[in-house]
**Student:** 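Questions regarding the structure given below will be posed in turn.
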2 protein chains.
Amino acid sequence: MATPALAAGGDALSIITDLTTDVGQRLGGTDREAAAREWAVARLKTLGFANVRVEPFPIAGWVRGEEKAAITAPMPQKLAVTALGYSGATPVEGVHGELAYFPTLDALKLAPAGSLKGKIAFVDHAMKAAQDGGGYGPFGAARRQGPQIAAAKGASALLIRSIGTDHARSPHTGVTRVPSQGEPLPAGAVSNPDADLIARLAGKGRPLMASVTLTPRFTGQVMSGNVIAELPGRDPKLAPILVACHLDSWDLGQGAIDDASGCGIITAAALEAGKSGQLARTIRVLWAGTEEMGGFGGQAYARAHAGEPHSVVMESDTGADKVFRALFRVAPQDKPLAERIGAELARLGIYTGDGAPEGGEDVGYIADKQKLAVIDLNQDMTRYFDWHHTPDDTLDKIDPAQLQQNVEAWTAVLKILGSYTGVINPAG
Amino acid sequence: MATPALAAGGDALSIITDLTTDVGQRLGGTDREAAAREWAVARLKTLGFANVRVEPFPIAGWVRGEEKAAITAPMPQKLAVTALGYSGATPVEGVHGELAYFPTLDALKLAPAGSLKGKIAFVDHAMKAAQDGGGYGPFGAARRQGPQIAAAKGASALLIRSIGTDHARSPHTGVTRVPSQGEPLPAGAVSNPDADLIARLAGKGRPLMASVTLTPRFTGQVMSGNVIAELPGRDPKLAPILVACHLDSWDLGQGAIDDASGCGIITAAALEAGKSGQLARTIRVLWAGTEEMGGFGGQAYARAHAGEPHSVVMESDTGADKVFRALFRVAPQDKPLAERIGAELARLGIYTGDGAPEGGEDVGYIADKQKLAVIDLNQDMTRYFDWHHTPDDTLDKIDPAQLQQNVEAWTAVLKILGSYTGVINPAG
């Protein structure tokens, strides 16, 4: 069991190990997420945090059902498939039809209306690994928007190449946009080797037939919740720092890199920065609920705490690999503070970049509402999309040395912010 | 489509690509293996081989059914599981009971008789990647012998850590020893991350409960077959060279590294060595059937061809990564021939090792029967047991540059052997 007496890196790894071992997957709105909240409250209290509580909020529940797919002609080959988040369901006997191959989402958009009637659409793409994970936004459009576009063309189901950069038979799930009316289209992702096979077969020009059975279901209104805890600062007049991760995970793996690691990093660093009563300013830790299915924890936090002061927000939700870059959004008069932090991070091999920080789903809503200062510590995402949202998101993917570098970087930032007694201004 | 006009490496990659794309998995004794034979005969004829034929033989058929397993206490967690070859079946509703953890097969052997009554045995191990793949024999004993040992202790089912070196949620199948009487025990492998989880939970000392559903079935006597083809040498008095791979694969992946790559390598090299009528001695190519389930193709070949002369046998069945070492078993008077071959291989960075060649399941039976000379070209197996017998054995795992090095090494050997007009003696 982790205790405050352990080294910071030890605390991070203990949190990740115990959450993935004793709870495992924790899909938003399910009893496993509730079990994770219970675990989280107990652990945060044990670690010495104050004001540990759960702030519940309702979401639309959705759970996975049966999942299978296969090429049926020109020869039978099973496909490794998983339903995308909020996918609609096929009949229990599945749908069967011609597989219409589209090399990109743009090609799907160009298909004439009605042309996919009775067909299963397949959307390919060419995402490659990138250190900053920059391809996820553009290539991920196939997952987010694909189902509604395919439905508009008359398709009976959509399959996409997993939004991922690996070569494993593990399909990547992830959320889709839910139509404002009507049932969502049954939509799944196949693994990259399966997508390779479909692309090779499509390249031969012979008709492809496929079958798809996906039977997820919506479970009505269910409860999720944010877990919040604090290390109180000496001066209650100084606005708190908000640091966040998310506690929920997709249901296929253990949610180790997404996002037990974020919870481990921010929590261990907060404890390290708060050692021996060094904090002038409160650090509030948010382990958000149901991030994966639409950022609902971050939205609930922003609603519940809109009237309270905050100073800086930070989030860790891109794995456990090393921090390579810092990005700052601060008011002009707070540039010297940012430069002080940047200089400290440079000692750890982390440079200050020019771009704008993203914040993230857990802190972005409150940051937008209050125009808060944001600091991003960008992690190396070269490997992240190999495992993201797959059964392979398991504890063994955590590199303890890189995890420790994250904790050191976060500790450096939180020590400076936590001891800073000046006003930190809205970034505007 | 590959033609003899292509470069040798091109032929090898074409064979692998087309076999994995147009046929896919080809479990021994199934209609998919029959489809592979039909494909193979057509391809070998197109490539210019003579005497292309199928030699059928019967085997005991076995096919996979439903497969699921889960930890049920102290908390629910699904396990990625697959049935081992010739596993028995659980009832359709599965078996449920305490999961008894054994860190090694030796620990299982020490369990008192009857002590596993109503329990599910779990056998762990610590196999690590090795260039020569040497851990597969010793650690693989858990798979081969485990079911009978667990059955003797009264277990209702056996789960093992996959005999593999990866960190993917892909379990490794592979054959088990079938008991001489009675039903085999239901036996499955879980992926390494799942085994890690079980080991962590077992380490906490609390009772573990699990459920296992595996419903494979034996399909009675079914037909498999060897595909044989020849490049005839000028001198029919010189005993042929036999080069072999296996055409069947496990059913989970595409059988790319196991063993489409072997078929690609030996076939491309034979064609290259036989270009422009350079062969004095016939090269016989054997694409064996049903190797995976017990070396049945190699046994059938040895029975059917016991009365015919052979000179040297060679087999490629350890993936597509580079050859790093050659091993020779030759008669004392053929040492100079072996040294000539070794010197040519050294130009490709391949050294001659001291050990005895293994031959392999496809050529070993005839080699033992006739005391034949054997040459092994040992491939780098560091990555091989990451994907061996898993859903991840797909085309994308082939490195074309390393594949080409294999073809070059095999071509060098076959050119020397094929043009050698002396007698090659039994190795004794």
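Note that the structure is predicted; figures quoted are calculated from it, not measured.
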**Student:** Of the listed residues (A/P76, A/S191, A/G253), which shares the most heavy-atom pairs with chain B below a 4.5 Å separation?
**Tutor:** A/P76
**Student:** Would you check if A/R169 and B/L252 make a side-chain contact, meaning some heavy-atom pair closer than 4.5 Å?
**Tutor:** no
**Student:** How long is the straight-line distance from CD of A/Q77 back to CZ of B/R32, given to the nearest 0.5 Å?
**Tutor:** 7.0 Å
**Student:** Heavy-atom distance under 4.5 Å between the side chains of A/D392 and B/H167, does that happen here?
**Tutor:** no
**Student:** Top residue by heavy-atom pair count (under 4.5 Å) with chain B, among A/T20, A/D251, A/D196?
**Tutor:** A/T20
**Student:** Please look at A/P193 and chain B and tell me whether the side chain, the backbone, both or neither of the residue comes under 4.5 angstrom of a heavy atom of that chain.
**Tutor:** both
**Student:** Heavy-atom distance under 4.5 Å between the side chains of B/T21 and A/M75, does that happen here?
**Tutor:** no
**Student:** Heavy atom to heavy atom, less than 4.5 Å: which residues from residues 33-42 of chain B reach chain A?
**Tutor:** none
**Student:** Between A/K78 and B/P391, is there a side-chain heavy-atom distance shorter than 4.5 Å?
**Tutor:** no
**Student:** Nearest 0.5 Å please: distance from the CG atom of B/D396 over to the CG atom of A/L197.
**Tutor:** 10.5 Å
**Student:** Determine, for B/D22 against A/K204, whether the closest basic-nitrogen to carboxylate-oxygen distance falls under 4.0 angstrom.
**Tutor:** yes
